[in-house]
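Data first, discussion second: the structure below is written as structure tokens.
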Amino acid sequence: MTTNEFSKAATGVIATVGSTAHQIIDVYRVGGERINEAFTQRWNAALKESAPQLKPETRKNAAHAQKVFSGYYAKGIALTADGATVVVDTLVGAALATTQRATAFAAASFGK
């Protein structure tokens with residue numbers, strides 16, 4: 001295998017790993033959003049069912065609490081997904097740069 005062939009193969013593998021990681025992050029984000037929506041629906045159904053036994057202030061506080069919890073959860077999902085994206089991009093960039101440097105070194109050292 002020549003240096004050029006190795007470089008192309010390594011670059012392809014790195015790109016594939018990066019793309020797969022981004023797909024996994026996207027699935028995590030969508031899954032988190034669906035879970036949040038499902039919990040919101042369950043909370044609202046439970047609140048509606050128990051509403052006759054609750055005081056108006058309690059219903060108001062429970063509805064507000066759900067919005068706050070849901071908001072924190074959504075922010076947490078977004079923050080972790082965005083952070084994972086930065087990590088993947090950084091690692092892919094470093095791996096590509098290392099491959100390019102190794103290829104240049106091999107070409108200079110071995111003339112292939």
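For clarity, every value in this text was computed on a predicted model and none was experimentally measured. Atom set for the values below is all heavy atoms of this structure, side chains included, hydrogens, waters and symmetry mates excluded.
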Holding to side-chain hydrogen bond (donor to acceptor under 3.5 Å, both in side chains), I want the full list of residues that pass it with Thr99, two or more places apart in sequence or in another chain.
none
Set of side-chain hydrogen bond (donor to acceptor under 3.5 Å, both in side chains) partners for Thr98, sequence neighbours left out
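With neighbours one apart ignored, the set is empty.
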Got a second to check how far Gln41's CD is from Asn36's CG, nearest 0.5 Å?
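One gets 10.5 Å once the value is rounded to the nearest 0.5 Å.
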Would you check if the side chain of Ser109 reaches a backbone N or O of Phe105 as a donor-acceptor pair within less than 3.5 Å?
yes
Side-chain donor/acceptor of Trp43 to backbone N/O of Lys67, under 3.5 Å
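Pair absent, no side-chain N/O of Trp43 close to backbone of Lys67.
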Closest heavy-atom pair and its distance - Thr40, Ser70
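Reported closest heavy-atom pair: OG1-OG, 3.8 Å.
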Using distance only, find each side-chain donor-acceptor pair of residues 13-25 under 3.5 Å and give its atom names and separation, not counting sequence neighbours.
residue, atom, partner, partner atom, Å
Thr16, OG1, Gly12, O, 2.9
Thr20, OG1, Thr16, O, 2.9
His22, NE2, Asp89, OD1, 2.7

Sequence neighbours excluded, every pair satisfying salt bridge (charged side-chain N to carboxylate O under 4.0 Å, His left out) that has a member inside residues 1-17:
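Sorted result for residues 1-17: empty, none.
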Which residue pairs pass the salt bridge (charged side-chain N to carboxylate O under 4.0 Å, His left out) test with at least one member in residues 36-55, sequence neighbours excluded?
none
Table please: side-chain donor-acceptor pairs of residues 71-84 below 3.5 Å, with sequence neighbours left out.
residue, atom, partner, partner atom, Å
Thr80, OG1, Tyr28, OH, 2.8
Thr80, OG1, Gly76, O, 2.9
Thr80, OG1, Ile77, O, 3.1
Asp82, OD1, Arg29, NH1, 3.4
Asp82, OD1, Arg29, NH2, 2.9

Do Leu47 and Phe39 belong to the same hydrophobic cluster, where Ile, Leu, Val, Met, Phe, Trp and Tyr are linked whenever their side-chain heavy atoms lie under 4.5 Å apart, directly or via other members?
no
